[in-house]
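These notes concern the structure reproduced below.
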Number of protein chains: 2
Amino acid sequence: MGGPRFEPVRAVRAYERVVEQVEEAIESGSLSPGERLPSERELMVQFSVSRSTVREALRVLQARGLVRSRPGDPHGAEVLPFTPAALHKSMTTLARVAELSLAELVQFRMVLDSSASLLAARLRTDGQLAEMDAAVGRMRAAADHDAFVAEDVAFHDVVARASGNKLIQICTDVVRSIVLGLISEKLAAAPDKRALMRQTIEHHEEVLAAVRAGDGPLAARLTREAMYDYYADYVPAGERPALRALLE
Amino acid sequence: MGGPRFEPVRAVRAYERVVEQVEEAIESGSLSPGERLPSERELMVQFSVSRSTVREALRVLQARGLVRSRPGDPHGAEVLPFTPAALHKSMTTLARVAELSLAELVQFRMVLDSSASLLAARLRTDGQLAEMDAAVGRMRAAADHDAFVAEDVAFHDVVARASGNKLIQICTDVVRSIVLGLISEKLAAAPDKRALMRQTIEHHEEVLAAVRAGDGPLAARLTREAMYDYYADYVPAGERPALRALLE
DNA sequence: TGCAGCCTACTGGTCCGACCAGTGCACTAG
DNA sequence: CTAGTGCACTGGTCGGACCAGTAGGCTGCA
């Protein structure tokens, strides 16, 4: 405990310093979404580096979802409004490289979505309640299965929004799309879609009623159960107990 | 429904195709962690592109946490074992750009960590239980506050691991470090650290007892309460009700 | 005067060739 | 057999060049 703790002097590469500066400008708000970066040739003057270096920095910024460049655009790279695209990308990579199982993903959804329902039951506005109602209505009227799924997603999205927690909203969105991507082909081949759709609507109506009544714990429990019923068939039998552990 | 749906022909850039191929090789497992990519000069031959293009592709892959290159390394870029570093980076960016509040982050932790406790109570092994016990023991023996926090983290990490869900484990880890980063300076200036530490140890012992007894719901509730007690002071008073909404 | 169409200046994407500091390995000298 | 040295090669950076594409100003026609 004690002496001067020296930081290791990491050899910081030129393009990294460019990335840091631009990133800082964006995150601090001095560069807002929609605004433009100077052109690459202008940037290489401002940073006193070569164009290769500028371009490598821009590639990194682009990979992080902060910036987009179009060929021929005379205004330079565009600062993007925040999107969870980068988060989505790294979580998708995660799912493949870390070998996340469908069970783990579904379990994660059960946790997040049920918490969203819990919070939504307490914090939702009347407008959001109407939106949920409308989504369920559109689910009932959906012409085909794709439209049905789209409205299903819309419902969950309103609930997540009503939770008042942007992180929950973003993560449910990201994980949901990964899960749907994993089982979309199996889902398309499901034997009796009408029955599944009818049951799903019923579940959503129950959740909606609980949210309307302000009963958070009930809404959370119903959400977990609905999700289990919907996805359990696609999860290997050996991993289902882990899911049921969330059902009490 | 309807006629042939043509995909828009996006002008795919050369470096993107390089990224895709390498990414595919890594995610499919034909390129394992620890293995090396060919040198940049070799890659430009294999892909029939210039070195600039190869380098831009490598920058993207590096930003995604899939590879790392060191100057002078005669073996080429190294394929990295999975780390949540990329996820961490994009979530940190998220926290700044999407203006996530401390309240939202803490709320997210309350949700995830309490679910981890819930699952751990049912799924933990005896070895993991012993690890938790050891961590609490080391918390009690911690010489200074830094060591204390480190053991606190270790405890939560074992619990997350015991949940059996890698995604929960990774996300708790990422969000925890973001939260700690946000309040570390305030925490260091806390008036009475000994009292806080004593209370924290007490909370952890209660959670541990519930996990040991296999009482998931209790462990989950205690985890939420402990986290609220620990962080509420740093959250603006106006946002605390949203946190208390999780306490029933 | 108003608008359609062309022109130009500039953009990003890609390529090439060059230099440098650093690394690991093989070879050499002791 | 080991310690030390050189070399071949690496990634990082630079500069210059060409191309296809875009936007906006300009021209010329109606």
Side-chain angles (χ1 to χ4, degrees), chain A residues 7-23 25-26 31 33-80 85-86, chain B residues 7-23 25-26 31 33-80 85-86:
Chain A
E7 288 287 313
V9 185
R10 55 184 181 125
V12 69
R13 275 145 274 193
Y15 77 88
E16 284 184 0
R17 267 172 291 152
V18 174
V19 167
E20 280 171 18
Q21 284 198 46
V22 178
E23 206 166 27
I26 293 177
L31 224 44
E35 286 192 72
R36 303 307 186 110
L37 257 47
S39 75
E40 295 180 358
R41 289 164 177 86
E42 173 65 26
L43 285 174
M44 75 187 229
V45 174
Q46 291 191 23
F47 286 110
S48 292
V49 295
S50 72
R51 191 146 90 98
S52 326
T53 303
V54 168
R55 284 182 59 75
E56 291 187 28
L58 288 177
R59 288 289 82 80
V60 173
L61 290 167
Q62 184 167 323
R64 298 207 179 133
L66 294 173
V67 142
R68 174 183 53 182
S69 22
R70 268 183 322 142
D73 189 333
H75 297 107
E78 182 185 0
V79 178
L80 292 177
Chain B
E7 288 287 314
V9 185
R10 56 185 179 123
V12 69
R13 274 146 274 193
Y15 78 88
E16 285 184 0
R17 268 172 291 154
V18 174
V19 168
E20 281 171 17
Q21 285 198 46
V22 178
E23 206 166 27
I26 293 177
L31 223 45
E35 286 193 71
R36 302 307 186 108
L37 258 45
S39 76
E40 294 180 357
R41 288 166 177 88
E42 172 64 27
L43 285 174
M44 76 185 223
V45 174
Q46 291 192 22
F47 286 110
S48 291
V49 295
S50 72
R51 191 147 89 98
S52 325
T53 302
V54 168
R55 284 183 58 76
E56 291 186 26
L58 288 177
R59 288 289 82 77
V60 174
L61 291 167
Q62 184 167 321
R64 298 209 178 131
L66 294 174
V67 305
R68 173 184 51 184
S69 20
R70 271 183 319 143
D73 189 334
H75 298 108
E78 181 184 2
V79 177
L80 292 178

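Reminder, nothing fancy here: chain letters follow the sequence lines and each chain counts from 1.
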Original post:
Rounded to the nearest 0.5 Å, how far apart are CD of Glu16(B) and OG1 of Thr53(B)?
Top reply: 11.5 Å

Subject >> Separation of dC15(C) P from Phe47(B) CZ (nearest whole Å) >> reply: 12 Å

Original post:
First and last nucleotide of DNA chain D touching chain B, 5' to 3', heavy-atom cut-off 4.0 Å?
Top reply: dT10(D) to dT13(D)

**OP:** Could you pick out which residue, Arg55(B) or Gly72(A), lies toward the 5' side of DNA chain D when each is mapped onto its nearest nucleotide?
**Re:** Arg55(B)

Original post:
Counting N and O atoms only, with roles assigned by atom type, does the side chain of Arg36(B) sit under 3.5 Å from a partner on the main chain of Gly76(B), one being a donor and the other an acceptor?
Top reply: yes

Original post:
Below 4.0 angstrom from OP1 or OP2 of dC16(C), is there any side-chain N or O of Ser52(B)?
Top reply: no

**OP:** Please report, rounded to the nearest Å, how far the C1' atom of dT11(C) is from the CG atom of Leu43(A).
**Re:** 12 Å

Original post:
When the distance from CZ of Arg51(A) to C1' of dT11(C) is rounded to whole Å, what number comes out?
Top reply: 9 Å

Original post:
Are the side chains of Val19(A) and Arg64(A) in touch, meaning some heavy atoms are under 4.5 Å apart?
Top reply: yes

Original post:
Which atom pair, heavy atoms only, marks the closest approach of Ser69(B) to Gln62(B)?
Top reply: OG-OE1, 3.3 Å

Subject >> Leu66(B) side chain reached by Leu80(B) side chain, heavy atoms, under 4.5 Å >> reply: no

Original post:
Any side-chain heavy-atom pair from Val18(A) and Leu58(A) closer than 4.5 angstrom?
Top reply: no

**OP:** Using atom CG of Leu37(A) as one end and atom P of dT11(C) as the other, report the distance to the nearest whole Å.
**Re:** 13 Å

Original post:
Contact class for Arg36(A) (heavy atom, under 4.0 Å): base, sugar-phosphate, or nothing?
Top reply: nothing

Subject >> Separation of atom CG in Asp73(A) from atom P in dA9(C), rounded to whole Å >> reply: 19 Å

**OP:** Would you kindly compare His75(A) and Ser69(B) by the position of their nearest DNA chain D nucleotide and give the one closer to the 5′ end?
**Re:** Ser69(B)

Subject >> Sugar-phosphate only, base, or nothing, as touched by Arg41(A) at under 4.0 Å among non-hydrogen atoms >> reply: base

Original post:
Contact class for Arg68(A) (heavy atom, under 4.0 Å): base, sugar-phosphate, or nothing?
Top reply: nothing

Original post:
How far apart are the C-alpha atoms of Phe47(A) and Gln21(A), what are their side-chain angles, what is the distance that settles it, and do they pass the side-chain contact (heavy atoms from CB on, under 4.5 Å) test?
Top reply: CA-CA 10 Å; Phe47(A) 286 110; Gln21(A) 284 198 46; 3.5 Å; yes

